[in-house]
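Everything below concerns the one structure shown next.
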There are 2 protein chains.
Amino acid sequence: MPQRDPFRASEVESRRTRPAKPPLSRDAIVEEALHQLTAEDGGAMSLRKIAKALDTGPASLYAYVDDMSELRALVLDHALAAVRVDDAEGPWRDRLEALLRSYGKVLASSPSLAQMAFQTTAVGPNALRIAETLLEILAEAGVDRPTAAWAIDMLTMFVTAVAAEHAHGADPGAPDGAVAQAINRAPASEYPRVHAAREEIMSGTGEERFAWSLDVLVRGILSRAQS
Amino acid sequence: MPQRDPFRASEVESRRTRPAKPPLSRDAIVEEALHQLTAEDGGAMSLRKIAKALDTGPASLYAYVDDMSELRALVLDHALAAVRVDDAEGPWRDRLEALLRSYGKVLASSPSLAQMAFQTTAVGPNALRIAETLLEILAEAGVDRPTAAWAIDMLTMFVTAVAAEHAHGADPGAPDGAVAQAINRAPASEYPRVHAAREEIMSGTGEERFAWSLDVLVRGILSRAQS
DNA sequence: ACCTGAACACCGTTCAAGT
DNA sequence: ACCTGAACACCGTTCAAGT
């Protein structure tokens, strides 16, 4: 009966996003969730919005997904499938940077996605594939296994943290941001060093800082490694 | 049941008859918010819960706080006041570790608090005080200013990331966790290196890994510095 | 087994109205 | 200027009921 309402917008919207009528399935749910996350407005996903997009009620999703936290884990791993793991050839250092950049780019594709990477530890097949490749690269770099085992945690954590910070819109370079304002307002009397270093603190693009930080990490890891 | 009294027990009058309810104020709101965050059940804060605890409606809070994101920033800085900034004496390396440990401990006092440290960049006076001290320590270590300026970002990001991961309850040491399960189930054929390194990946306490990671960072930073 | 409507117990935010 | 009740537009999750 409620389907006959000619003004129902949901039918039109759902046609827009997915032209063929979607059968309800775990995969369709995860895909729609990821679609909402990567929407241009930096959107967030919700079970109710997913249900609406799939032309059903929120309760129906529970046939395919235990709860929100399971959905988050599924969505995260689904997103990680886009990480290019064996794109680059060449020396290990280049491959490491390429992999981590790809990883970071995927996580930064949505503020919520980066956030999720902290809330739910990624343990799906794609996360494993990334870990495997990182171990490969570090082995080629001559890093011993115990060091490498702990190092990959630092590297992924680093990328996730950068993505989370960047996604939330804190470009430290922008002179109009709240960060810049706070630092510029920091009185030299109380915070002399912050004041003196304020130029350097806010200098550099995201790219430059990423490369610099990765270099710090690699140097530290290599210096700990028994090669 | 809003039984708590954020103020000192100088007044012994019964709360039951609620003769004098605490006056609404920005500070009372922030304090109650932080109290909810650090509740034992790993609780989350909400404007409505804060309002209820302060015996008023949610709309009343908007006289003191612009919106949720401002409240988050206020709460974060309020929490950072507990970070011990000049507790330790002695060599810079010890002071650095003490400061970062105190920082991490504060952030890890609530899952939501650690999460917040990513959502909202801390720019309050307490965050500045921490940055100032870090610059001091790195200067003593002989690190040049440009290097130090970028290094303190890495150090705080590192602590925040560790706290966020730890707070969400992912002890990589516990053999019953989802992480351990996934890694142990990783087929040796597909993920040979992960499989081979599974013992090392999950070894170590949080303390040990924190110390190890900090050492990696310090080595990397020192190796970049022009001293 | 899958799907549903309806309810439950929450959210942040706005707004006209009171004091 | 401060505070309020009520509403608006959302949440995740459960449950009895349908197919």
Side-chain angles (χ1 to χ4, degrees), chain A residues 1-5 7-11 13-14 18 21-30 32-37 39 41-76 110-112 115-116 119-120 168, chain B residues 1-2 18-30 32-37 39 41-76 110-112 115-116 119-120 168:
Chain A
M1 177 69 89
Q3 311 240 15
R4 302 231 25 102
D5 187 344
F7 294 104
R8 260 173 73 93
S10 67
E11 185 138 13
E13 277 180 90
S14 73
R18 39 194 75 251
K21 49 175 182 181
L24 211 46
S25 77
R26 203 178 159 105
D27 239 49
I29 292 170
V30 171
E32 171 59 30
L34 192 56
H35 173 77
Q36 289 180 7
L37 283 182
D41 55 336
M45 77 187 192
S46 88
L47 284 181
R48 292 184 106 100
K49 262 162 58 190
I50 294 169
K52 197 165 286 179
L54 263 33
D55 259 322
T56 181
S60 306
L61 306 185
Y62 284 86
Y64 301 93
V65 154
D66 272 3
D67 58 9
M68 200 54 182
S69 92
E70 199 207 16
L71 178 59
R72 270 195 289 258
L74 291 172
V75 169
L76 179 57
S110 159
S112 320
Q115 207 72 17
M116 266 174 37
Q119 275 165 19
T120 87
H168 126 265
Chain B
M1 200 173 273
R18 47 187 82 190
K21 77 175 180 181
L24 213 44
S25 79
R26 203 178 159 104
D27 240 50
I29 291 170
V30 170
E32 171 59 29
L34 191 56
H35 173 77
Q36 289 181 7
L37 283 182
D41 55 336
M45 77 187 191
S46 90
L47 285 182
R48 292 184 109 101
K49 261 160 59 189
I50 294 168
K52 197 165 290 180
L54 263 35
D55 259 320
T56 181
S60 306
L61 305 184
Y62 284 86
Y64 301 92
V65 154
D66 273 1
D67 57 9
M68 198 57 182
S69 91
E70 200 207 16
L71 177 59
R72 269 195 290 260
L74 291 172
V75 169
L76 178 58
S110 159
S112 321
Q115 207 72 15
M116 267 175 36
Q119 276 166 20
T120 88
H168 125 265

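- To the nearest 0.5 Å, the span separating CZ on B:Arg26 from CG on B:Leu61 amounts to 12.0 Å.
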Sequence neighbours excluded and cut-off under 3.5 Å, please list the side-chain donor-acceptor pairs for residues 42-51 of chain A, or say none.
residue	atom	partner	partner atom	Å
A:Ser46	OG	A:Arg48	N	3.4
A:Ser46	OG	A:Lys49	N	3.0
A:Lys49	NZ	A:Ala44	O	2.4

Nucleotides 12-19 of chain C: protein proximity per nucleotide (B base, S sugar-phosphate only, - neither; heavy atom, under 4.0 Å): BBBB----
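- Nearest heavy-atom pair, B:Val75 versus B:Val30, reported as atom, atom and distance to 0.1 Å: CA-CG1, 4.0 Å.
- For A:Ser60, the side-chain hydrogen bond (donor to acceptor under 3.5 Å, both in side chains) partners at least two apart in sequence or on another chain are A:Thr56.
- Of all non-hydrogen atoms in B:Ala73 and B:Thr120, the two that sit nearest each other are CA-OG1, 4.0 Å.
- One atom, CG of B:Leu24, and another, P of D:dA1, lie 17 Å apart when rounded to the nearest Å.
- Taking a pair as Watson-Crick or G-U with both hydrogen-bonding distances under 3.5 Å, the stems of three or more pairs touching DNA chain C are C:4-8 with D:12-16, C:12-16 with D:4-8.
- Judged purely by atom type and a 3.5 angstrom limit, B:Asp67 uses its side chain to pair as donor or acceptor with the backbone of B:Glu70.
- Rounded to the nearest 0.5 Å, atoms CG (B:Leu74) and CG (B:Leu34) are 11.5 Å apart.
- To the nearest whole angstrom, the two C1' atoms, one in C:dC8 and one in D:dC10, are 15 Å apart.
- Here the straight-line distance linking atom OG of A:Ser25 with atom CD of A:Glu32 works out to 11.5 Å at 0.5 Å rounding.
- Per the geometry, CZ belonging to A:Arg26 stands 15 Å off C1' belonging to C:dC2, to the nearest Å.
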